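Just so it is clear, the structure is predicted and the values come from calculations on it, not from any experiment. Heavy atoms only: backbone and side chains are in, while hydrogens, waters and symmetry mates are out. Each ligand, and each atom within it, is numbered from 1 in the order the structure gives.
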Amino acid sequence: MGRTLDNAMLNVGLKDVARDGLSDLGFRVEDVINQEHDAALGNGGLGRLAACFLDSMATLNYPAWGYGLRYRYGIFKQEIVNGYQVEIPDYWLDNNPWEFPRHEITVDIQFYGNVKKYQDENGRISHSWEDGEIVQAVAYDVPIPGYGTKTTNNLRLWSSKASSGEFDFQKFNAGDYESAVADQQRAETISAVLYPNDNLERGKELRLKQQYFWCAASLFDIVRRFKKTKRAWGEFPDQIAIQLNDTHPTLAIVELQRILIDKEGLEWDEAWSIVTKTFGYTNHTVLPEALEKWSVPLMQNLLPRHLQIIYEINLFFLQSVEKRFPNDRDILSRVSIIEESHPKMVRMAYLAIIGSHKVNGVAELHSDLLKTTLFKDFVKIYGPDRFTNVTNGITPRRWLHQANPRLSALIAEKLGSYDFLKDLTLLDKIEAFVDDKAFREEWAVIKRENKLRLAKHIKATTGFDVNPNALFDVQVKRIHEYKRQQLNIFGVIHRYLSIKAMSAEEKKKVVPRVSIFGGKAAPGYWMAKTIIHLINKVADVVNKDPEIGDLLKVIFIADYNVSKAEIICPASDISEHISTAGTEGSGTSNMKFVLNGGLIIGTCDGANIEITREIGEQNIFLFGNLAEDVEDLRHRHFYGDFKLDPQLERVFDAIKDNVFGDKADFSALISSIEEHGDYYLVSDDFNSYITTHEMVDEAFQNQEEWLVKSIASVARMGFFSMDRVTNEYADSIWNVEPLDVKD
Ligand code: Z57
């Protein structure tokens, strides 16, 4: 979520009041804002997208709730020590004024135990999940104010606590103090810490516990509220829509089915029809290592009744598939929820598809890839209508108005109001001013001030001076091989070596650059950590090289998070969105940078493609191989039909000459490309990448043209408002309309 204060003041329209009041007390509102700790309850784009949803749903007056876990420790704080990432626990709950504990709202959550089968006088069979251990979920509510509306929605976060049942007291009274305390600690462990992987699943039991704890508490809450209305169960899907943000809450499907059949006594078919009408599933990635699979033995032990229900869902599903495709023997094993491996695994994405009425991807290319690759069989089974696309967006309140107040004010001055913050398509009216020299100058001044602000931050945190007139080239996002920060840093090394080889005369023509990196590596992701190490080593060498001076600086900004993004996005000239084609679901920082007047260099991947369509190809620097060619290229690498790009070879030679410290530190990075198939196609795209960067340099030298591109791009970004996204989900998936809210 990032910080709340500034956003809340802007949304409820009290920032000026607060500024005046604080000033009377001798404080500056900015200083107060900067005291707040980020709420860092997610890893990357997935969590921040949910935060944008909340802002947008409240702003548009949708009656919506968010559900999540109240982690005691959010994503770790990153420090860089001798060029290496060091992780520090992020304890953020001291003095958090934004949560309201609801100690009276608790739900008992069960784990382990076993299933008993009963038969009544009429021969009717029922199941009951018994024994096991109980953990309590306690609700903490976080208000989500909409912008320019009276609506404030609720984000309910669950905290785990030992249940104060008789059991514990018995232990306690029997003098078993130690084990009573241990029980308590085990219970509290469930919401203790966020797993710090983005786009990677590791199948740990505690993670499954977190997922079930979250789903069971949230569903109990939803069902309790529905039951108060005394409506018939058949009306449940008319009253309630539940959107699964990736597969992490897929157990909610199983839990609702369990409640309906085991607790409420509905027949299987009636219950299942309610379930599938209620859920929608959003897929955010095609990366195989990110797709959740839970081991059957693990689930059998932790959630025995749920596993039974999953088998039952699978049985009915496979029976229907068999009926439809009697001559296709392989399809059953391909689409089965259970993978017949050792151990057997539950494929959560398949369960999510089967239990939902709509499945969507997050950008056009991504949604197309889902239909033609990952979920191909399911398109055959359910038809194409179950699968759809809703391209991601961002909230303009935080990502324009809050992060870049001066640009927002300039736009408001030209358009006559701040209405564009509620209807971002109104931005198109600023295109009429591109030829207005004074306007362009004001636009340039704002970018410069934003760059100065970032330069100050860089000086304060790294000690390096950067020239605000240089081209600021930014790549900030989670560190991952598929996002290819290695391509970027190899490109930087190429630039460094090229400048070193220049005559004094040639150097005069070089466009000064600051290459800025930021992002966290998952603590166990060794290759990602190696990339961070290389970036920092290159920075050490380049920034101190007297032959280079201001022509090139390399900066790694430690601890990239939402509040840093709010400083960085408005300060970029060009940002990098350079994933191997077909690997990035959407990307959302690409939108944040363009909305703040930065240009981008990117591959034909994720939402870059639709950004190009909206802003025009003359306003974006695209490069690299296309998604459709990736498979073939990988194949060629595999069969040795591959020649390392010669410019990249020169970069590798420098690394191997220990120019950036001990070459052994980076050997894995090089061998993954030279010897192990270059899975992310760094070498294949290298030439295209560096020549495109030469075009960036050239374009930057014509500042007037650059400004035209910048202004035209911002003017055409209306499509990427989160409000468009929310309305699309509301219309095509949730079937819900906004409520009238009286001012
Ligand atoms: C995550 O941050 C995303 C997808 C995942 O499956 C997981 Br796990 C974490 C990201 C995608 O990588 C981005 O491309 C996308 O923009 C974002 O989710 C929001 O859809």
**Asked** Pick from Q211, M345, R347: which one makes a side chain to side chain contact (heavy atoms under 4.5 Å, CB included) with E292?
**Response** Q211
**Request:** State whether the side chain of R386 and the backbone N or O of V359 hold a donor-acceptor pair below 3.5 Å, judged by distance alone.
**Result:** no
I'd like the atom pairs linking ligand 1 to the protein - N or O on both sides, separation under 3.5 Å - with distances to 0.1 Å.
residue, atom, partner, partner atom, Å
ligand 1, 2 (O), G45, N, 3.4
ligand 1, 2 (O), L46, N, 3.0
ligand 1, 2 (O), D198, OD1, 2.7
ligand 1, 2 (O), D198, OD2, 3.4
ligand 1, 6 (O), D246, OD2, 2.9
ligand 1, 12 (O), N199, ND2, 3.0
ligand 1, 12 (O), Y482, OH, 3.2
ligand 1, 12 (O), E584, OE1, 3.1
ligand 1, 14 (O), E584, OE1, 2.7
ligand 1, 14 (O), G585, N, 3.2
ligand 1, 14 (O), S586, N, 3.0
ligand 1, 14 (O), G587, N, 3.1
ligand 1, 16 (O), G587, N, 2.8
ligand 1, 20 (O), H284, ND1, 2.6
ligand 1, 20 (O), N392, OD1, 2.8

**Message:** Would the distance check show the side chain of Q475 and the main-chain N or O of S575 forming a donor-acceptor pair, the cut-off being under 3.5 Å?
**Reply:** no
**E584 and Y482 side chains, donor-acceptor separation under 3.5 Å** = yes
**Message:** So that I can tick it off, tell me whether R613 and E364 are bridged by a salt bridge, with the cut-off set at under 4.0 angstrom between side-chain N and carboxylate O.
**Reply:** yes
**Asked** Distance-only, no hydrogens or angles: does the T247 side chain make a donor-acceptor pair with backbone N or O of T250 under 3.5 Å?
**Response** no
